[in-house]
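Presented below is the structure to which this report refers.
Numbered from 1 within each chain, the chains take letters A, B, ... in sequence-line order. The figures that follow rest on heavy atoms only: side chains count, while hydrogens, waters and symmetry mates do not.
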Amino acid sequence: MKFELQCTAPLSKARAGKIETAHGQIDTPIFMPVGTLGSVKGVHFKDVKEDIKAQIILGNTYHLYLRPGVEIIEKAGGLHKFIGWDRPILTDSGGFQVFSLGDIRKLTEEGARFQSHIDGSRHLFTPENVVDIQRSIGADIIMAFDECTPGDADYDYASKSLELTQRWLERCIKRYNETEPKYGYSQSFFPIVQGCVYADLRKKAAEHVASFNCDGYAIGGLSVGEKEADMYEMIEVVNAVLPENKPRYLMGVGTPINILEGIDRGIDMFDCVMPTRNGRNGMLFTRNGIINIKNNKWRDDFSPIDLNGTSFVDQQYSKAYLRHLFQAKEMLGAQIGSIHNLAFYLWLVGEARQQILAGTFKGWKEQMVKQVGQRL
RNA sequence: GGGGAGAUACCAAAGCGGCCAACUGGGGCAGACUGUAAAUCUGCUGGCGUACGCCUUCGUAGGUUCGAAUCCUGCUCUCCCCA
């Protein structure tokens with residue numbers, strides 16, 4: 001994988017860049033739709049690619065390992081072939097599930113013992129086997145196995161948690177270096193910076209990951225219950241340490257405003273379930289603000305979903321019709337909401353990139369931050 | 001014509017003397033959702049008030065009772081069975 005830093009915006013840390021992978025190029029900043037189980041929920045890959053214009057999507061180690069299982073994915077020739085997606089894929093390591101499925105797992109030095117949420121069966125994730133599984137899945141970018149520290153953790157817990165993540169990282173990197181890709185193309189490995197909301201821990205974590213000279217670096221453990229101001233501060237602290245010439249990935253973030261603020265602070269890559277999950281639940285993000293399409297006020301508004309929208313669904317369907325679909329619990333409603341939101345997210349980061357290249361990012365961003373948070 | 005059952009809030013449906021402004025569903029209204037155990041979850045849903053509360057409700061008109069959606073009587077309407 002190669003990263004080229006093309007431009008930095010005036011009065012900002014915002015960057016435009018280009019990542020080259022075996023499955024094609026990614027223009028940054030970029031938003032990566034989440035496809036946990038090998039599908040961007042409710043959206044055909046044809047639309048993910050041609051309409052939404054996603055350049056890379058996510059998969060999840062924990063979920064794919066449990067179902068369909070490594071054997072099937074290997075037999076298929078890797079995840080790309082299995083799901084029919086020929087652009088880049090990034091897999092999360094399962095570290096987030098260690099956090100979100102917290103009540104059915106146990107952390108030890110060795111790794112995380114957990115029970116399947118599907119059938120209760122017992123499993124063990126270690127830094128080593130998580131790298132192995134990601135080799136088998138065959139994503140272009142694979143992630144370190146970390147503990148995603150809760151946003152409200154106290155300093156002592158966060159510090160010990162970080163140290164565990166750091167020891168796990170060293171084991172991940174060792175395994176990564178000892179193993180080869182299985183499908184004939186290279187895979188890049190990204191470490192993850194933890195440290196909760198404590199600046200000194202974050203700085204220490206950033207220095208630690210930077211010492212390994214990886215292809216890119218991720219910031220994790222944000223948007224997990226901490227204050228937004230803390231999140232922004234942590235991004236600043238970490239990005240001050242991470243090398244300029246490598247992509248920076250802010251995991252699991254976020255709202256359109258979070259993304260704009262992240263870009264402004266030097267983040268290159270984002271992923272989040274919000275556009276799909278919220279879209280599926282009737283909340284539409286637009287450049288003019290947020291629409292809760294289920295609200296009564298749209299019942300006879302026959303204007304297009306989003307006149308400024310870039311997706312075909314934006315012009316094709318009216319607000320009143322989309323509201324009707326949600327009221328009637330028709331699955332097409334969830335699909336339209338998901339497609340619209342993803343297309344908006346991809347438009348947002350693409351436009352941010354253009355503004356960075358044009359040197360006009362800062363002013364544009366300030367204006368967008370005012371607009372996108374409004375309730376329509 | 002004979003026999004039986006029933007009328008409860010937007011709909012369906014509990015309640016069968018005080019703990020009932022009334023269980024529960026549905027519908028409706030609103031909110032939440034951030035590396036997806038989520039096509040999910042939460043709240044509200046007689047009126048007024050932020051709230052303690054106050055006022056008007058259980059087909060309808062009366063009655064019994066300290067007290068009625070609950071008991072009694074008349075009326076109106078609906079449904080089922082037999083002719």
Side-chain angles (χ1 to χ4, degrees), chain A residues 31-43 56-64 66-67 89-105 114-120 130 134 139 141-151 165 190-194 217-228 231 249-259 261-262 267 269-285 290 292-299 323 325-339 341 345 375:
Chain A
F31 178 81
M32 308 181 281
V34 177
T36 305
L37 282 132
S39 126
V40 178
K41 287 188 193 296
V43 186
I56 171 173
I57 62 170
L58 254 67
N60 184 278
T61 302
Y62 168 88
H63 290 283
L64 293 169
L66 288 180
R67 197 163 50 188
I89 297 175
L90 179 153
T91 41
D92 185 29
S93 62
F96 184 74
Q97 279 64 41
V98 170
F99 160 77
S100 65
L101 302 170
D103 51 334
I104 49 174
R105 56 77 171 155
F114 60 90
Q115 283 186 266
S116 160
H117 70 279
I118 300 165
D119 62 5
V130 162
Q134 292 186 94
I141 299 172
I142 67 177
M143 301 303 300
F145 188 55
D146 64 334
E147 186 195 358
C148 180
T149 314
T165 289
F190 283 21
I192 302 171
V193 172
Q194 289 290 341
Y217 301 94
I219 306 176
L222 291 176
S223 66
V224 286
E226 80 287 0
K227 290 196 207 100
E228 254 182 15
M231 170 165 81
Y249 164 30
L250 179 58
M251 305 184 77
V253 175
T255 65
I257 291 175
N258 292 159
I259 287 173
E261 296 294 354
I267 300 292
M269 305 163 72
F270 302 86
D271 81 281
C272 192
V273 305
M274 195 170 262
T276 39
R277 181 182 289 167
N278 290 30
R280 203 160 59 237
N281 292 324
M283 182 173 176
L284 307 182
F285 297 101
I290 293 164
N292 184 346
I293 201 66
K294 293 196 247 189
N295 285 175
N296 184 258
K297 61 181 166 191
W298 307 114
R299 71 188 181 283
R323 171 178 142 89
L325 293 176
F326 274 99
Q327 291 295 98
K329 299 182 170 62
E330 277 293 315
M331 62 171 104
L332 181 60
Q335 294 178 335
I336 292 170
S338 301
I339 292 171
N341 277 349
Y345 268 59
R375 294 275 177 168

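- Of the side-chain N and O atoms in Ser100(A), none sit less than 4.0 angstrom from OP1 or OP2 of U36(B).
- Within the 3.5 Å criterion, the main-chain N or O of Val224(A) finds a donor-acceptor partner in the side chain of Glu226(A).
- Pairing partner, A9(B): none, since no Watson-Crick or wobble contact has both distances short of 3.5 Å.
- Counting any heavy atom pair closer than 4.0 Å across all strands shown, Arg67(A) reaches no nucleic acid atom.
- If you check A14(B) for Watson-Crick or wobble pairing at under 3.5 angstrom, you find it has no partner at all.
- Distance noted for atom P between G17(B) and U34(B): 49 Å (whole Å).
- Residues passing the ring-ring contact (aromatic ring centres under 6.0 Å, His included) test with Phe190(A), sequence neighbours excluded: none.
- Across all strands shown, Glu228(A) has heavy atoms under 4.0 Å from base atoms, whether or not it also approaches the sugar-phosphate.
- For the pair Leu64(A) CG and U36(B) P, the computed distance is 10 Å after rounding to whole Å.
- Atom CD in Glu226(A) sits about 13 Å away from atom C1' in G35(B), given to the nearest Å.
- Here the nucleotide nearest the side chain of Asp271(A), chosen from A37(B), U34(B), G35(B), is G35(B).
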Considering only nitrogen or oxygen atoms on both sides, find all protein atoms under 3.5 Å from nucleotides 27-30 of chain B and state each distance.
| from | atom 1 | to | atom 2 | distance (Å) |
| --- | --- | --- | --- | --- |
| G28(B) | OP1 | Gln327(A) | NE2 | 3.3 |
| C29(B) | OP1 | Asn296(A) | ND2 | 2.8 |
| C29(B) | OP1 | Arg323(A) | NH2 | 2.9 |
| C29(B) | OP2 | Gln327(A) | NE2 | 3.0 |
| A30(B) | OP1 | Asn296(A) | N | 3.4 |
| A30(B) | OP2 | Asn296(A) | N | 2.9 |

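- Summarising the base pairing, C33(B) is matched to no nucleotide, lacking a Watson-Crick or G-U wobble pair whose two defining distances lie under 3.5 Å.
- Asp92(A) has its CG atom 5 Å from the P atom of U36(B), to the nearest Å.
- Nucleotides U57(B) and A7(B), compared at atom C1', are 16 Å apart to the nearest Å.
- Comparing A39(B) with C71(B), their P atoms sit 47 Å apart, to the nearest whole Å.
- Going from the C1' atom of A22(B) to that of A14(B) covers 10 Å, rounded to whole Å.
- When rounded to the nearest whole Å, the span between CZ of Phe31(A) and C1' of U34(B) equals 9 Å.
- Nucleotides G28(B) and U60(B) place their P atoms 28 Å apart, quoted to the nearest Å.
- Here the OG1-CG distance, from Thr91(A) to Leu58(A), works out to 8.0 Å after rounding to the nearest 0.5 Å.
- Heavy atoms of Asn258(A) sit under 4.0 angstrom from at least one base atom.
- Here the CE-CG distance, from Met32(A) to Leu90(A), works out to 5.0 Å after rounding to the nearest 0.5 Å.
- Comparing A12(B) with G4(B), their P atoms sit 26 Å apart, to the nearest whole Å.
- Using the Watson-Crick or G-U wobble rule with both distances under 3.5 Å, C79(B) pairs with G4(B).
- Here, C80(B) and G67(B) have their C1' atoms 37 Å apart, quoted to the whole Å.
- Here A39(B) presents its C1' atom at 9 Å from CD of Gln335(A), a figure rounded to the nearest Å.
- Using a 4.0 Å heavy-atom cutoff across all strands shown, Met32(A) reaches no nucleic acid atom at all.
- A straight line from CD1 of Ile192(A) to P of G35(B) spans 13 Å, rounded to a whole angstrom.
- Toward the 5' end of RNA chain B, the nearer of the two residues Met251(A) and Arg280(A), judged by each one's closest nucleotide, is Met251(A).
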Tyr62(A) and Phe114(A): CA distance, side-chain angles, deciding distance, ring pair (Phe, Tyr, Trp, His ring centres under 6.0 Å) verdict: CA-CA 10 Å; Tyr62(A) 168 88; Phe114(A) 60 90; 5.4 Å; yes
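- Across the strands present, A38(B) finds no partner; the criterion is a Watson-Crick or G-U wobble pair with both atom distances under 3.5 angstrom.
- The gap from the C1' atom of C82(B) to that of G18(B) amounts to 43 Å, rounded to the nearest Å.
- For the atom pair CZ of Arg277(A) and CE of Met283(A), the computed distance is 12.5 Å after rounding to the nearest 0.5 Å.
- Side-chain nitrogen and oxygen atoms of Gln97(A) include at least one within less than 4.0 Å of the OP1 or OP2 phosphate oxygen of A37(B).
- Qualifying side-chain contact (heavy atoms from CB on, under 4.5 Å) partners for Arg67(A), counting only residues two or more places apart in sequence or in other chains: Ile118(A).
- The side chain of Val273(A) sits closest to U34(B) out of A37(B), A39(B), U34(B).
- In this structure, CG in Leu222(A) is found 10.0 Å from OG1 in Thr149(A), a value given to the nearest 0.5 Å.
- Between Arg277(A) and G35(B), a side-chain N or O to OP1/OP2 separation shorter than 4.0 Å is absent.
- Distance, Phe285(A) CZ to A32(B) C1': 11 Å, rounded to whole Å.
- Contact annotation: Asn60(A) reaches the phosphate of U36(B) (side-chain N/O to OP1 or OP2, under 4.0 Å).
- Counting heavy atoms from C-beta outward, Thr276(A) and Pro33(A) have side chains that stay 4.5 Å or more apart.
- Annotation: the span from Asp271(A) atom CG to Ile56(A) atom CD1 amounts to 9.5 Å, rounded to 0.5 Å.
- Look at C20(B): it lacks any Watson-Crick or wobble partner with both distances under 3.5 angstrom.
- For U34(B), neither phosphate oxygen OP1 nor OP2 lies less than 4.0 angstrom from any side-chain nitrogen or oxygen of Ser223(A).
- Note: NE2 (His63(A)) to C1' (A37(B)) measures 7 Å, nearest angstrom.
- Pair assignment for C48(B) gives G53(B), based on Watson-Crick or G-U wobble hydrogen-bonding distances that are each under 3.5 Å.
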